[in-house]
Amino acid sequence: FFFFFPRVMSTAESPEPPAEVRDMITNSKDEERQLLVPDQATGSGGNRFVIFLSVFAAISGFLFGYDTGVVSGAMLLLNNDFDLTDFEQESVISITLFFAIVGSLVGGKVNDIYGRKKIIVVSAVIFTSGAVLLAAAQSILMLFVGRGVLGVAIGLSSMTIPVYLAETAPQHIRGRLLSTNVVAIIAGAFTAGLIDGAFSYVDEGWRYMLGLAAVPAMLQLFGFTCLPETPRWLVSKGRVSEAESVLRQIRASSDVADELAAIQKSFEEVKEERNIWEDLKTVPHLRRALVLGGCLQACQQSIGINTIMFYSATIVKRSGVSDDHTAIWAAAGIAGVNFVFTASGMYFVEHSGRRKLLLTSLAGVFLALCLLGTTFMISDSAVPDTTPTGSCDYTGCLSCVKSSSCGFCAHGGDLGDNLCVAGSKSGPDQSCSSGYMFDYCPSNYAWMSVLAMCLYLAAFGPGMNPVPWTCNGELYPTQYRAFGNGFATAINWVFNLLISITFLDLGNWITVGGTFFLYAGIAFCFWIFFYFKLPETKGVPLEDIHKLFT
């Protein structure tokens, strides 16, 4: 699909860019060969240092993925220890997202004041503190506080890392290095799935699941003491000699005069235009970039990706899998599929380009969501009817398990089979020989839903995972890059929050299948928008991307 659909999309080119930008894109094809044969502009030592730099920067992405993914399996165990309601489950997740919005909004300003490096170091300290709080949690309140602290760290780092990588990466591998952060996010989610599975057999295993995030956070904290600030931020503060020294270090070359001059020129051209709110009124290309960047992030979240990652174990159980351990390991396998296909995006983002890759990925997501909705409808239609007992006056399994005080009993001894009985998460309140299920129904079609989720992630991973973050690292003029990334990241977290806090309720109101059909409709609308509005940024220097919007 990803090899052939981009060729079909060759007729879906973005509007013709200015001639000077076309020349840049053409010339960039020669620069791509530097990946294999570095020249004096970026020596092999420079490539090695940039890789070293991107690995330590990507630890923030790993923590982002781990801390958002680990809650999927931990939630099942937290339910057993704290007997969480649906609202409390949604709150444990959504409080992180709320504070991530706060962190990303604040992040743009503090990045401009204190620099990219210091904010990454601060976020590593906050990550460590949040992980320790969660590991020691003795109440729901402590869970909320710990998840809120993590949210601030995730918000700060998720908007800072793309800026840091974009401002230090060589032009010809910029897309690939920006994609490493996204791959690290998915690697973190996959690792979280494996950790969830391993500690699901341990008493209070959720403490280990949530607390282990402190290890990579401390590693990043120590690693960044050896890494430099970005040359573009240094130039913005008038520290040109330091910027030149950093450029020589990360390019492994003394010939950085042209690049440094281009960076200085980009600041000199806008020296009098430092009021972002005034510029939004008078600079059309800035408005267009902000709208497009925000829409890219809104699309990524509103088509359900974090619903599947946060609630994958819960979704698996709702599809008919009865055992908690099986559901957690299935969720880990689903995260593994996401990691494999997102890693493939590092190849496609430079070879197919951002535009074709996103349109291809989004088309696949639309089809997968339709399939996912269909599989849940098939599964729901095959659940057994129930015989009411006592206060649980429900004649269908789905309506029975939606009640907070009833559950399904497959075998009730003398009372018969397929009963709706009074009970809770801890067990039935009356006799049930076997097959008690509190929040799900038995189904022979659970495998179809798991397969559909894997197909969804196979379509989402190569394009919809990396492209919104890659493009937002590139779209904005240098002096507004931190603000633009902060704005777009806040949009990401707002939609993440809205989708996450409504999924369980939507599943109860319009069924889980209906919810996925709703996401499919959203994906279709965004595909139409990006077809007409998204330009190709591959091969265009950072200082010249704004010309694509003029």
Side-chain angles (χ1 to χ4, degrees), residues 57-72 74-75 89-111 116 119-134 143-164 181-182 184-186 188-189 192 210 213-214 216-217 220 293-311 465 468-469 472-473 482-503:
I59 291 177
S60 283
F62 180 90
L63 288 165
F64 172 4
Y66 184 89
D67 285 315
T68 53
V70 74
V71 73
S72 172
M75 189 65 72
Q89 288 183 59
E90 290 174 335
S91 297
V92 168
I93 290 172
S94 60
I95 195 168
T96 302
L97 306 181
F98 174 79
F99 280 98
I101 295 169
V102 174
S104 58
L105 287 174
V106 172
K109 187 66 174 177
V110 296
N111 260 267
R116 302 13 171 167
I119 300 306
I120 294 171
V121 169
V122 168
S123 69
V125 173
I126 300 174
F127 268 123
T128 305
S129 303
V132 171
L133 272 173
L134 287 170
L143 283 176
F144 286 168
V145 172
R147 293 287 294 172
V149 170
L150 283 182
V152 174
I154 290 172
L156 286 172
S157 64
S158 62
M159 66 79 44
T160 305
I161 292 299
V163 176
Y164 186 86
N181 185 53
V182 182
I185 293 172
I186 309 308
L210 300 174
Q220 184 184 53
C295 286
L296 283 166
Q297 297 288 24
C299 175
Q300 186 189 65
Q301 294 304 321
S302 60
I303 57 178
I305 178 59
N306 276 326
T307 290
I308 288 180
M309 299 314 298
F310 288 152
Y311 294 110
N465 252 334
W469 295 104
N472 270 287
F483 174 87
N485 266 276
F487 169 82
T489 303
I491 294 292
N492 181 291
W493 291 113
V494 166
F495 278 85
N496 193 333
L497 175 62
L498 290 174
I499 296 298
S500 298
I501 64 174
T502 58
F503 173 70

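Computation of the quantities below employed the complete heavy-atom set of this structure, encompassing side-chain atoms and omitting hydrogens, waters and symmetry-equivalent molecules. None of the values given here were measured: they were computed from a predicted structure.
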Nearest 0.5 Å please: distance from the CD1 atom of Ile499 over to the OG1 atom of Thr502. 5.0 Å
Looking only at heavy atoms, which two atoms of Ala100 and Ile154 are closest? And how far apart? CB-CG2, 4.5 Å
Test item: Asn111 side-chain N/O and Gly107 main-chain N/O as donor-acceptor pair under 3.5 Å: yes
Under a 4.5 Å cut-off applied to non-hydrogen side-chain atoms, are Trp469 and Thr489 in contact? yes
In short, Gly294 meets Phe487 closest at the heavy-atom pair CA-CE2, 4.4 Å
Please step through side chain to side chain contact (heavy atoms under 4.5 Å, CB included) for the pair Ile161 and Phe64, ending with a clear verdict. CA-CA 11 Å; Ile161 292 299; Phe64 172 4; over 6 Å; no
Rounded to the nearest 0.5 angstrom, the OG1-CZ distance for Thr160 and Arg116 is 8.0 Å
For Gln220 and Ser60 the tightest heavy-atom approach is NE2-OG, 2.7 Å
Taking all heavy atoms of Ala217 and all of Thr128, pick out the closest pair and write down the distance. CB-OG1, 3.3 Å
Return the minimal non-hydrogen interatomic distance between Ser104 and Ala490, and the atom names on each side. OG-CA, 3.2 Å
Side chain to side chain contact (heavy atoms under 4.5 Å, CB included) between Leu156 and Val152, intermediate numbers included: CA-CA 6 Å; Leu156 286 172; Val152 174; 4.2 Å; yes
Evaluate whether atom CZ of Phe98 has more than 12 neighbouring non-hydrogen atoms of other residues, nucleotides or ligands under 6.0 angstrom away. no
Asn472 side chain to Gly293 backbone, donor-acceptor under 3.5 Å: yes
Given Asn465 and Gln300, is the side chain to side chain contact (heavy atoms under 4.5 Å, CB included) satisfied, shown in steps? CA-CA 7 Å; Asn465 252 334; Gln300 186 189 65; 4.3 Å; yes
Can you tell me if Arg147 uses its side chain to pair, donor with acceptor, with the backbone of Ile95 under 3.5 Å? no
Working for side chain to side chain contact (heavy atoms under 4.5 Å, CB included), residues Ile120 and Tyr164: CA-CA 9 Å; Ile120 294 171; Tyr164 186 86; 4.0 Å; yes
Scanning both residues in full, the closest heavy-atom pair of Ser158 with Trp493 reads OG-NE1, 3.2 Å
Just verifying a value: how many Å separate Ile185 CD1 and Ser157 OG, rounded to the nearest 0.5 Å? 8.5 Å
Find the distance between CG (Asp67) and CZ (Phe127) and round it off to the nearest 0.5 Å. 5.5 Å
Measuring from atom CG of Leu134 to atom CZ of Phe144, what distance do you get when rounded to the nearest 0.5 angstrom? 11.5 Å
Ser94 OG to Ile101 CD1 distance, which is reported to the nearest 0.5 Å: 9.5 Å
